[in-house]
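Source: prediction; values computed, not measured.
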Amino acid sequence: MSIPTYDLPTKATMSECAQVQASLRQMIEDHDAIVVTCGQVTQIDLAMLQLLISARKTADRDAKSFSVLSQGNGTFDARLAEFGICFSRKPDRI
């Protein structure tokens with residue numbers, strides 16, 4: 001069984017938060033694990049990063065796995081570094 005993924009939009013900003021939130025909420029309800037991919041993000045703001053943090057906390061509360069994957073050197077990662085945010089997980093998690 002594969003883990004469902006959600007691809008953040010290229011423009012991951014406040015204007016997209018409502019759609020992303022609805023999608024992630026449904027995925028967290030429907031699955032034990034989800035992966036958010038960020039490889040195509042060219043623009044991201046603090047609102048979207050806060051949404052991802054909130055989604056991870058919701059998944060943790062519900063004992064579900066929530067992972068964020070990125071290229072390690074793109075726009076998404078630069079913004080994480082700028083705001084001091086880390087999405088890494090403990091080794092026993094996905």
Side-chain angles (χ1 to χ4, degrees):
M1 184 166 131
S2 65
I3 297 173
T5 61
Y6 181 83
D7 300 322
L8 277 185
T10 302
K11 183 180 175 188
T13 61
M14 184 182 292
S15 63
E16 300 295 321
C17 281
Q19 176 60 42
V20 173
Q21 179 187 27
S23 297
L24 292 179
R25 179 179 288 150
Q26 190 63 50
M27 290 179 79
I28 291 168
E29 286 180 19
D30 294 346
H31 304 282
D32 290 331
I34 66 166
V35 173
V36 176
T37 61
C38 307
Q40 296 181 9
V41 172
T42 60
Q43 184 179 2
I44 190 163
D45 62 12
L46 187 55
M48 187 62 72
L49 293 174
Q50 289 173 323
L51 187 148
L52 292 173
I53 291 166
S54 178
R56 180 178 66 182
K57 287 181 179 183
T58 298
D60 286 348
R61 180 200 67 205
D62 295 346
K64 301 199 176 183
S65 176
F66 183 90
S67 300
V68 177
L69 297 180
S70 64
Q71 296 172 331
N73 60 357
T75 300
F76 181 79
D77 299 287
R79 294 298 275 181
L80 289 181
E82 180 181 341
F83 291 114
I85 299 170
C86 179
F87 278 102
S88 64
R89 298 308 240 157
K90 297 176 186 174
D92 64 333
R93 304 289 299 252
I94 291 177

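One N or O on the side chain of D45 and one on the backbone of M48 form a donor-acceptor pair closer than 3.5 Å.
Atom CG of D32 has 12 or fewer heavy atoms from other residues, nucleotides or ligands within 6.0 Å.
Here the CG atom belonging to L24 is positioned 6.0 Å from the OH atom belonging to Y6, to the nearest 0.5 angstrom. Distance check, rounded to the nearest 0.5 Å: OG1 of T37 to CG of D7 gives 3.0 Å. Of the inter-residue distances, the one linking I53 atom CD1 with I85 atom CD1 reads 4.0 Å to the nearest 0.5 angstrom. The distance from the CZ atom of R61 to the CZ atom of F66 is 13.0 Å, given to the nearest 0.5 Å. To the nearest 0.5 Å, the span separating CG on L49 from CG on L80 amounts to 5.5 Å. Going from atom CD1 of I44 over to atom CD of E82 covers 11.0 Å, rounded to the nearest 0.5 Å.
Legend: residues meeting side-chain contact (heavy atoms from CB on, under 4.5 Å) with E29, ordered by chain and number and at least two apart, are R25, Q26. Applying the side-chain hydrogen bond (donor to acceptor under 3.5 Å, both in side chains) rule to T42 yields no partners; only residues at least two apart in sequence or on another chain are considered.
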task = List the steps and the verdict of side-chain contact (heavy atoms from CB on, under 4.5 Å) for V36 and F76.
result = CA-CA 12 Å; V36 176; F76 181 79; over 6 Å; no

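Remark: the S23 side chain and the Q19 side chain contain an N/O donor-acceptor pair separated by less than 3.5 Å.
Counting heavy atoms from C-beta on, the side chains of L8 and L52 come closer than 4.5 Å.
Nearest approach of L51 to C17, heavy atoms of both residues: CD1-O, 3.3 Å. Residues C38 and V68 approach most closely at SG-CG1, 3.6 Å, considering heavy atoms. Among all heavy-atom pairs drawn from K64 and H31, the shortest one is CD-O, 3.0 Å.
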Residues 9-16, side-chain donor-acceptor partners within the protein, below 3.5 Å, at least two apart:
from : atom 1 : to  : atom 2 : distance (Å)
T13  : OG1    : S15 : OG     : 3.2

